[in-house]
Amino acid sequence: MLKLNKPMTNIYKPLIRKYTSASLTKQIPVLSNQVSLTIPTLKPHYKFHISSQICCYSAVPNRIKYTADAYPQVQRNNQFKKLSSDDLEYFKSILTKQEILYFGPDSDTKDLDPFNEDWMRKYKGQSHLVLKPKTVEKISLILNYCNEEKLAVVPQGGNTDLVGASVPVFDEIILSLNNLNKIRHFDPVSGILKCDAGVILENADNYLREQDHIFPLDLGAKGSCHVGGVCATNAGGLRLLRYGSLHGSVLGLEVVMPNGDIVDSMHSLRKDNTGYDLKQLFIGAEGTIGIITGVSILTQPKPKAINVSFLAVKDFESVQKVFVKAKNELAEILSAFEFMDKRAIQLTKKHIEKDTPFPLEEEYPFYVLIETSGSSKIHDDEKLETFLESAMESEVVVDGTIAQDNTELQNLWKWREMIPESSQCQGGVYKYDVSLPLKDLYSLVEVVNEKLTEANLLGDAPKPVIAAVGYGHIGDGNLHLNVATRLYSKEVEKVLEPFVYEYVSSKHGSISAEHGLGFQKKNYISYTKSEPEIKMMRDLKKHYDPNGIMNPYKFI
Ligand code: FAD
Ligand code: MLT
Ligand code: ZN
């Protein structure tokens, strides 16, 4: 329970409400009658920790087009061999039955859909073979063989990627890390965790919590994504503001190179200046150079006190003002600062309000979610209370609420974490995750809304676009622009691309703050990186993967 230490001021009292509604704890069973009718369409990887009680998918999901059909300008590279019966025999000779999922050329590959289709239901590959090796040595044998035989490979973790990087484009073999999922070692003194790449992020975090620690990264896909997958994408998540990027917290990696070499670089040193920092080459490489099989990472002590407040403000300038104030006044206990616009909340309301009542009585143009984590409840409560009081008095914050217990805290987070799913579940979503200077951050959402309105594409059905919403990690200068659609449409895509990338580049931002480039942004890297930088990347790729077998048709 959050207990305010002194009485609330008059201005503060009517507006900042404690989040106490009993109905908020109401849960719906996962398998209601209605849901069970459509359950075969629900892929296991569409469930996430926060949302696991609320299944999100259309009653009749749109069939996903093959990427090869939706983007016919991308052609299969005929340097790559097509899978033969000899290749299968080889894989059978080194793997057990449980490690191979194969459907012949004439059979229905439906069972492979969870591996061929991406989370957004935007991209679909045509692979007939998924390999799920249980050891690093087997991964080494597989890659060595694929390299010799020029068989293309897509490394896959939890398949929660949002740029079409984790699924094949054509018939690439999918190498899933699902079966490489052991915690290797944890040192409670240094806080360093060593684990297999295929450990699910939430499992790693739960394990650490038992040791009074936490994983230094948290995100909505926690229940499905892998520790190796988040390293391969250099995921940012909800607490980068506090714990920094994986480029800083990962201390070492174990990687299998395309020729099968196993590079053991599982260091556990915070300081090591002996030459190039090789692990950085694989963090954010999206599986284009090697397969991460092990991760050594610095974890953080579990906070003893956590508070979450959900506040309303009148404009984006006020979002920035509250952020500056929070940095100054909450300082070392500030652990997340997220924002979302009215449209994002309206979309999310349609999706979750039935089960999770919206915490504020009215709607406002913008909302911020502030989380504090510290070691002393009394200290943190007092700090937060003083901060909120003065934010309300100065009218930077116009309404708000504070979670009173863990259930309420989770429910407040839901209003932020469910935005991706709410944007996706009505047909499709065009997603842009960009870095922009804070002053320009929201202008992209405004200008995109104008463009879609001008093009007569936004509005009630049958117009394709439901809403273009903005939210994101203010603390990291990272905007998420989601264009929620009733269906994927070339007409919409043409309005958005390359416009969004041009706009971001004109403001000296990055076209990918955290999701990466993958297939979606493969032609747009030059909006953020210079020619010499791109050449250096290509040289590295050619050097380590001369046959180009690792995750082809993606950004490099
Ligand atoms: P996959 O999706 O399987 O793969 C991602 C990429 O990494 C692919 O290119 C794949 O080839 C490669 N790869 C995977 N495993 C390996 C490996 N072991 N070795 C080499 N390459 C590998 N991202 C953020 O940054 N911040 C967020 O807050 C965030 N929230 C999300 C919320 C939701 C609901 C969803 C669906 C996604 C979110 N993401 C977020 C996207 C994010 O990139 C992924 O969730 C996560 O980083 C991917 O991990 P994964 O194990 O699912 O990898
Ligand atoms: C998020 O911040 O919610 C994630 O990056 C995922 C998303 O934007 O879809
Ligand atoms: Zn994000």
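What you see is a predicted model; the values in this text were computed from it and never measured. Keep in mind that the numbers below use all heavy atoms, side chains included, and drop hydrogens, waters and symmetry copies. Atoms within each ligand, like the ligands themselves, are counted from 1 in listed order.
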If you take the nearest heavy atom of each of G287, G158, P155, G472, which one is closest to atom 10 (C) of ligand 1? P155
Could you list which atoms of ligand 2 come closer than 4.0 Å to a heavy atom of R416? 1 (C), 2 (O), 3 (O)
In a check of side-chain contact (heavy atoms from CB on, under 4.5 Å) between L441 and each of V434, N478, I474, V319, which one passes? I474
Examine all N, O or S atoms of H515, backbone included, and report whether one is under 2.8 Å from the Zn ion (ligand 3). no
Among E514, K222, H226, which residue places a heavy atom closest to atom 26 (N) of ligand 1? E514
Pick one of side chain, backbone, both or neither for how E417 approaches ligand 1, counting any non-hydrogen atom pair under 4.0 Å. neither
Proximal heteroatom of E514 relative to the Zn ion (ligand 3) (N/O/S): OE2
Can you find an N or O of G236 that's nearer than 3.5 Å to an N or O of ligand 1? yes
Determine, considering heavy atoms only, which of G220, G228, G290 sits nearest to atom 20 (C) of ligand 1. G290
Heavy-atom contacts with Y471 under 4.0 Å: which atoms of ligand 2 show up? List them by number with element. 3 (O), 7 (C), 8 (O), 9 (O)
At a non-hydrogen distance cut-off of under 4.0 Å, which region of L162 contacts ligand 1 (side chain, backbone, both, or neither)? side chain
Would you say Q126's side chain and T67's backbone share a donor-acceptor pair under 3.5 angstrom? no
Suppose I only count heavy atoms of L162 and a 4.0 Å limit; which atoms of ligand 2 are within that range? 6 (C), 7 (C), 9 (O)
Heteroatom proximity flag, N482 to ligand 2, N/O under 3.5 Å: no
Using a heavy-atom cut-off of under 4.0 Å, does the side chain or the backbone of L177 touch ligand 1, or both, or neither? side chain
Can you tell me if E338 contacts ligand 2 (heavy atom of the residue under 4.0 Å from the ligand)? no
Quick one: does D433 get a heavy atom under 4.0 Å from ligand 2? no
